[in-house]
Amino acid sequence: MTQTADQTLAIIVPAYNEEDAIPVFLRVMTPVFDDIRASGLTPRLVFVNDGSRDATVQAIAAADWPVDVQLLCLSRNFGKEAALTAGLAHVDDDAVVVMDADLQDPPELIAQMIAHWRKGAKVVLGRRTDRSEDGPLKRKSAQWFYRLHNQISSIEIPYNVGDFRLMDRRVVEAVNQLPENRRFMKGIFAWVGFEPVFIDYKRERRSVGRSKFSGWKLWRFAVEGITSFSEVPLIMWTYLGALISMLAFLYASYIVISTLIFGADTPGYASMITVVLFLGGIQVLGIGILGEYLGRVYSEVKRRPSFVIAEDLHIPARGGSDDG
Ligand code: UDP
Ligand code: MG
């Protein structure tokens with residue numbers, strides 16, 4: 001690959017209520033931009049304001065950016081997955097980095113990512129080897145999620161890989177081709193393939209503010225991920241149903257035979273009610289899982305876009321851009 005002078009790197013940053021994080025982000029990123037330029041790429045920033053209710057937009061507009069900034073404002077809060085989708089749909093740079101606004105993913109790694117990309121890697125993934133800043137419950141549940149997901153899905157999500165990554169333009173084009181509007185990005189990124197290179201790092205504490213992902217939101221995210229890329233929860237009922245019917249048949253045979261031999265037993269209310277309640281629970285659970293998928297089908301057939309852009313602003317680098 002020959003290196004042309006005007007290759008660009010877009011850094012996509014979804015931001016939801018991050019007004020306090022923006023100044024810190026600018027300060028920490030300033031030397032990183034120099035590193036990126038030193039590696040022969042022109043960096044630019046693409047913020048996706050995901051319907052923030054605070055002064056995130058003002059904070060971005062007021063900051064003194066040393067690079068060109070594109071600010072995509074979604075018309076409301078669509079969620080991080082949609083924000084990433086919007087960002088990726090609006091770039092055609094040679095390489096694209098996705099990172100959070102809260103600097104939990106160390107931006108110094110971007111230079112290493114670029115080095116791997118220069119050597120031919122199409123996807124470079126940041127892998128969190130140390131998540132001690134995340135809290136035991138989040139770590140444990142994340143581990144269960146990855147294990148379950150990978151056991152029952154046709155595609156494998158690498159463990160402890162978040163959205164922090166570098167992608168070649170070709171990978172971004174592939175991601176943009178997937179038409180679904182309920183977008184579980186970890187799954188989509190894995191689905192498009194391309195052999196990744198991993199860079200291990202320690203996940204840092206949030207620069208300021210609080211995580212936007214509560215327990216319930218994380219649970220829904222996990223359900224979304226599994227129902228997006230696995231049909232096992234849907235088809236396992238056939239087998240579970242067959243197993244239960246078989247056991248019921250055996251039990252019925254036993255009752256008939258024992259009645260024939262020993263005569264009528266005293267009616268077993270306890271075992272009866274147990275079986276009834278158990279089967280009732282199983283049925284409702286099965287219907288619930290059908291509902292998860294039906295809900296997805298329903299929202300996909302409506303063919304609604306996964307985001308709406310309210311504004312697409314351009315903030316030139318400080319000192320003005322010299323291309324006019
Ligand atoms: N985010 C977003 N929309 C949302 C929630 C979060 O764009 O509805 C952004 C947020 O501003 C941040 C990134 O997604 O840049 C990761 O969010 P957060 O740090 O709250 O998640 P965590 O790191 O705790 O998983
Ligand atoms: Mg975070």
Side-chain angles (χ1 to χ4, degrees), residues 10-26 28-29 45-60 63 69-91 96-107 109-110 125-128 130-146 157 159-165 181-186 188-189 201-222 224-225 306-311:
I11 302 174
I12 299 179
V13 186
Y16 175 54
N17 294 347
E18 302 282 9
E19 60 177 351
D20 297 328
I22 298 300
V24 192
F25 185 83
L26 168 61
V28 174
M29 287 302 284
L45 273 172
V46 180
F47 281 108
V48 185
N49 169 43
D50 186 14
S52 298
R53 293 178 186 280
D54 66 357
T56 300
V57 170
Q58 289 82 338
I60 294 171
V69 173
Q70 185 175 4
L71 172 54
L72 292 169
C73 293
L74 305 190
S75 59
R76 62 172 170 84
N77 179 243
F78 280 90
K80 185 184 177 189
E81 309 300 294
L84 285 180
T85 304
L88 290 169
H90 283 79
V91 295
V96 175
V97 164
V98 173
M99 67 180 284
D100 292 352
D102 59 8
L103 299 169
Q104 281 196 285
D105 312 313
L109 290 191
I110 294 176
L125 303 180
R127 180 164 50 194
R128 311 148 177 175
D130 179 350
R131 297 183 61 159
S132 46
E133 296 297 348
D134 262 344
L137 193 66
K138 187 161 181 177
R139 286 204 310 267
K140 198 79 207 154
S141 53
Q143 194 189 335
W144 285 337
F145 167 73
Y146 286 114
I157 303 179
Y159 274 66
N160 287 329
V161 166
D163 296 318
F164 184 41
R165 62 186 57 227
N181 59 31
R182 305 245 324 234
R183 300 182 78 82
F184 177 64
M185 293 313 273
K186 279 180 205 255
I188 288 177
F189 287 145
Y201 70 97
K202 175 181 186 313
R203 187 154 159 87
E204 297 295 336
R205 196 187 290 264
R206 222 175 192 285
S207 61
V208 288
R210 293 177 50 209
S211 170
K212 272 88 197 168
F213 287 89
S214 62
W216 177 248
K217 231 172 148 184
L218 275 178
W219 163 252
R220 288 304 310 165
F221 185 61
E224 190 78 26
S306 43
F307 58 86
V308 174
I309 303 272
E311 266 180 305

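Treat the numbers as computed from the prediction; the structure is a model and nothing was measured. Quick note: residue numbers are just sequence positions, from 1. Both counts, for ligands and for their atoms, begin at 1 and track the order of listing.
Protein contacts to the Mg ion (ligand 2) involving N, O or S atoms at a distance below 2.8 Å are D102 OD2, Q104 OE1.
Heavy-atom proximity to G79, at under 4.0 Å, picks out these atoms of ligand 1: 3 (N), 8 (O). Interface of K217 with ligand 1, defined as ligand atoms under 4.0 Å from a residue heavy atom, comprises 8 (O). The distance from ligand 1 to the heavy atoms of Q104 drops below 4.0 Å at these ligand atoms: 19 (O), 22 (P), 23 (O). Close approach of ligand 1 to K138 is summarised as follows: ligand atoms under 4.0 Å from at least one heavy atom of the residue are 22 (P), 24 (O), 25 (O). Every atom of ligand 1 is numbered from 1 in the order shown, and the set under 4.0 Å from a heavy atom of D102 is 19 (O), 23 (O). Each of the following atoms of ligand 1 lies closer than 4.0 Å to a heavy atom of A101: 15 (O).
For atom 18 (P) of ligand 1, the closest heavy atom belonging to the protein is R206 NH2, 3.5 Å. Closest to atom 24 (O) of ligand 1, if we only count protein heavy atoms, is S211 OG, 2.6 Å. Of all protein heavy atoms, the one lying nearest to atom 11 (O) of ligand 1 is E18 OE2, 2.6 Å. The nearest protein atom to atom 1 (N) of ligand 1, hydrogens excluded, is given as Y16 CB, 3.8 Å; this is a heavy-atom distance. If you check which protein heavy atom lies closest to atom 16 (C) of ligand 1, you get D100 OD2, 3.3 Å. Scanning the protein for heavy atoms near atom 4 (C) of ligand 1, the closest one is D50 OD2, 3.4 Å. Nearest protein heavy-atom contact of atom 21 (O) of ligand 1 is F213 CD1, 3.2 Å. At the shortest separation from atom 9 (C) of ligand 1 among protein heavy atoms lies P14 O, 3.8 Å.
The shortest N or O to N or O distance between A83 and ligand 1 is not below 3.5 Å.
Side-chain contact annotation: R183 with S306, donor-acceptor N/O pair under 3.5 Å absent.
The side-chain contact (heavy atoms from CB on, under 4.5 Å) check on S141 picks up nothing, with sequence neighbours excluded. Partners of E81 according to the side chain to side chain donor-acceptor pair (under 3.5 Å) rule, which considers only residues two or more places apart in sequence or in another chain, do not exist here. When the side-chain contact (heavy atoms from CB on, under 4.5 Å) test is applied to D54, the partners found at least two apart in sequence or on another chain are N17, E19, S52, T56.
Within the 4.0 Å heavy-atom criterion, the part of N77 lying near ligand 1 is the side chain and not the backbone.
The residue among K80, E81, M99 with a heavy atom at the shortest distance from atom 14 (O) of ligand 1 is K80.
Across all non-hydrogen atoms, the minimal contact from A15 to A101 is CB-CB, 4.4 Å.
L71 places a side-chain heavy atom less than 4.5 Å from the side chain of N49. At a threshold of 4.5 Å between non-hydrogen side-chain atoms, the residues V48 and I12 count as touching. Between F164 and V97, the closest side-chain pair of non-hydrogen atoms falls below 4.5 Å. Using a 4.5 Å cut-off on side-chain heavy atoms (C-beta onward), F221 and K186 make contact. The shortest distance between side-chain heavy atoms of L72 and V46 falls below 4.5 Å. F78 is listed as a side-chain neighbour of R76, based on a closest heavy-atom distance under 4.5 Å. For the pair M99 and I110, the minimum side-chain heavy-atom distance is below 4.5 Å.
At least one donor-acceptor pair closer than 3.5 Å links the side chain of D102 to the backbone N or O of Q104.
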Mind running ring-ring contact (aromatic ring centres under 6.0 Å, His included) on Y146 and Y159 for me, showing each step along the way?
CA-CA 6 Å; Y146 286 114; Y159 274 66; 5.6 Å; yes
